[in-house]
Asks: 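Please read through the structure below; I'll follow up with questions.
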There are 2 protein chains.
Amino acid sequence: MSNALPPRDHDDRLPLRERKKLRTRQTLVDTALELFTERGFNGVTLDELCDAVEVSKRTFFRYFASKEDVAMAPTQDLWRAFLEDLETREPGGRPVLEMLQEALFAAMDRMTADGWAHRVLLTRQLAAATPSMDAHGLHFCHDTGRAALATLYRRLDLATPDDPRTRLAVDMLVAAFHCALDTWTAGPGTLTRAGLAAHVRDACAALPGSLTLTAGLRPPG
Amino acid sequence: MSNALPPRDHDDRLPLRERKKLRTRQTLVDTALELFTERGFNGVTLDELCDAVEVSKRTFFRYFASKEDVAMAPTQDLWRAFLEDLETREPGGRPVLEMLQEALFAAMDRMTADGWAHRVLLTRQLAAATPSMDAHGLHFCHDTGRAALATLYRRLDLATPDDPRTRLAVDMLVAAFHCALDTWTAGPGTLTRAGLAAHVRDACAALPGSLTLTAGLRPPG
DNA sequence: GCGCTTATGCCACTCAGTGGCATAACTGTG
DNA sequence: CACAGTTATGCCACTGAGTGGCATAAGCGC
């Protein structure tokens with residue numbers, strides 16, 4: 001690994017060893033997104049990716065649990081920040097769903113790494129084209145939701161753990177986020193963090209209306 | 001394959017060949033659920049399962065797309081019936097979410113095969129214990145939701161396709177179903193189709209309340 | 001410089017999943 | 001009942017993801 005110039009995030013005051021690990025991880029993510037986008041997720045073998053980064057396959061699996069994981073790192077970073085924020089956010093007498101929404105906004109605000117929005121876009125496009133990536137992403141969001149639920153039950157005075165409402169509130173935020181991600185990806189708007197946040201806000205605002213949305217049969221012709 | 005006695009569903013007036021295929025498929029599902037439950041999903045190799053059913057691995061993959069698929073057949077049958085029902089159900093002036101809910105109930109009513117509820121229970125427990133199964137199940141539900149969405153847009157006079165409300169309504173039904181599945185599995189109630197339907201009804205009824213659910217900090221101690 | 005810890009590389013292995021081709025089983029015709 | 005056409009199956013070899021074990025090298029504290 002003769003990586004001379006540190007591309008970004010040359011965060012000094014971390015031990016050399018840790019910096020190297022961070023850089024290797026980031027190089028793996030960037031290269032993976034690039035190769036997968038170029039030739040498709042299934043068109044690139046792990047051996048090829050490892051060769052490109054000059055890392056052994058064994059080492060790859062010490063950084064990521066699966067081939068899918070490396071391509072979903074940007075989204076996972078966001079949700080990890082979300083969970084962290086949720087640990088300290090004040091409920092403040094408003095609906096839990098709003099509190100969750102604010103935690104998600106705060107997490108997005110913390111995604112300051114260069115080109116994060118672009119990487120999320122690539123991740124999303126890859127997932128849309130690759131069933132196994134989509135499945136992994138869904139599963140990760142599901143797990144994150146359960147973790148968020150556990151945090152809520154630990155911190156808030158929610159009465160009964162068999163009341164489905166809290167869980168449904170969490171799932172609604174996740175649904176709104178996925179919805180926002182798709183409209184953000186497809187839409188003509190700006191593909192920035194702020195643009196994504198706006199879509200999330202719209203999707204959350206549409207939640208109540210989705211409960212009562214009514215339609216008739218489409219007239220023939 | 002010296003399968004002498006047809007276990008169930010000896011649906012005559014189907015050609016012999018088709019009956020055999022149905023039986024092989026059903027035997028694969030039953031044996032898989034049994035073995036996976038006994039020794040864990042990862043504790044059983046495909047070769048072992050194929051040996052037990054006396055079928056070549058090559059043939060297995062002509063029936064199922066993956067090792068996970070064979071264990072999720074019961075749930076997939078339900079959602080397929082749901083999509084079929086949605087093709088002809090009348091919107092009838094009430095919220096789309098209610099129409100979706102009724103389609104799901106109708107689909108459950110059609111799951112008359114012997115022991116269906118029991119198989120769903122095994123599937124759910126396996127998925128809860130096996131990340132890759134959980135991921136596959138989530139992905140399948142996601143795909144089903146998109147298919148349902150396409151049907152809705154085709155049949156109903158929903159104006160704008162970029163309005164997130166329809167999609168969110170579908171996702172809410174899916175969330176409610178998953179929620180119901182968990183409480184049904186964990187709860188003390190009867191593990192029958194009717195019991196599951198009741199849980200689904202409760203979860204759907206809880207959807208509006210989840211939007212406004214409020215809570216304060218848990219008092220220390 | 002010198003040990004101690006920790007990351008990495010290498011090798012062999014298991015197992016899911018696929019493609020190709022030969023063979024067996026079912027189908028409906030005469 | 002034989003015959004030809006169709007379709008499911010079996011077998012074999014192969015790719016590629018993921019794992020375990022052990023030797024080695026790189027960073028770290030002294």
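Computed from a predicted model, the values in this text were never measured in an experiment. So that the names make sense, note that chain A is the first sequence line, chain B the second, and so on, each numbered from 1.
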Asks: Grab the CE-P distance between A/Met133 and D/dA17 for me, whole Å please.
Replies: 14 Å
Asks: Side-chain N or O of A/Thr59 versus OP1/OP2 of C/dG9: is the shortest distance under 4.0 Å?
Replies: yes
Asks: To the nearest angstrom, how far is B/Phe61 atom CZ from C/dG20 atom P?
Replies: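 The distance from CZ of B/Phe61 to P of C/dG20 comes to 17 Å, rounded to the nearest Å.
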Asks: Find the distance B/Arg19:CZ to C/dC26:P and express it as a whole number of Å.
Replies: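 Spelled out: CZ on B/Arg19 to P on C/dC26 is 11 Å.
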Asks: Going by the angle between their ring planes, with limits at 30° and 60°, are B/His139 and B/His142 parallel, tilted or perpendicular?
Replies: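 Parallel: the ring planes of B/His139 and B/His142 meet at under 30°.
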Asks: Quick one: the side chain of B/Arg62 and the base of D/dG10, do they pair up donor-acceptor inside 3.5 Å?
Replies: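 Yes, the side chain and the base share a sub-3.5 Å donor-acceptor pair.
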Asks: Is any side-chain N or O of A/Lys20 closer than 4.0 Å to OP1 or OP2 of D/dA26?
Replies: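 So the side chain of A/Lys20 is outside the cut-off, no N or O lying under 4.0 Å from OP1 or OP2 of D/dA26.
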Asks: Separation of B/Glu54 atom CD from C/dA24 atom C1', in whole Å?
Replies: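 For the pair B/Glu54 CD and C/dA24 C1', the rounded distance is 16 Å.
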Asks: What I want to check is whether an N or O donor and acceptor connect the side chain of A/Arg58 with the base of D/dG18 at under 3.5 Å.
Replies: no
Asks: Grab the two heavy atoms, one from A/Thr31 and one from A/Thr27, that are nearest each other, plus how far apart they are.
Replies: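 Heavy atoms only, the tightest pair is OG1-O, 2.6 Å.
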Asks: Look at the side-chain N and O atoms of A/Lys67 and state whether any lies under 4.0 Å from the OP1 or OP2 oxygen of D/dG18.
Replies: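 No, outside the criterion.
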Asks: Measure CG/B/Leu46 against P/C/dC15 and give the value in whole Å, please.
Replies: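 Answer to the nearest Å: 10 Å.
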Asks: Rounded off to whole Å, could you give me the CG-to-C1' distance for the A/Leu28 and C/dA7 pair?
Replies: 14 Å
Asks: Have a look at B/Thr45 and say if it touches a base, only the backbone sugar-phosphate, or nothing, with a 4.0 Å heavy-atom cut-off.
Replies: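 Sugar-phosphate, backbone atoms only, no base.
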Asks: Looking at B/Arg39 and B/Glu48, is any side-chain nitrogen of the basic one under 4.0 Å from a carboxylate oxygen of the acidic one?
Replies: yes
Asks: What is the distance, to the nearest angstrom, from the CG atom on A/Asp47 to the P atom on C/dC10?
Replies: 12 Å
Asks: If you check every side-chain atom of B/Glu68, which of C/dC10, C/dG17, D/dG18 has the closest atom?
Replies: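 From the listed options, C/dG17 comes nearest.
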Asks: Base, sugar-phosphate, or nothing: which does B/Tyr63 touch, judged by heavy atoms less than 4.0 Å apart?
Replies: sugar-phosphate
Asks: Across the strands shown, which category fits B/Lys57 at heavy-atom distances under 4.0 angstrom: base, sugar-phosphate, nothing?
Replies: base
Asks: Would B/Arg146 and B/Asp143 pass as an ion pair if we require N to O under 4.0 Å?
Replies: no
Asks: When the ring planes of B/Phe82 and B/Trp79 are compared, do they come out parallel, tilted or perpendicular, using 30° and 60° as the limits?
Replies: perpendicular
Asks: Whole-Å distance between D/dT19 P and A/Phe64 CZ?
Replies: 15 Å
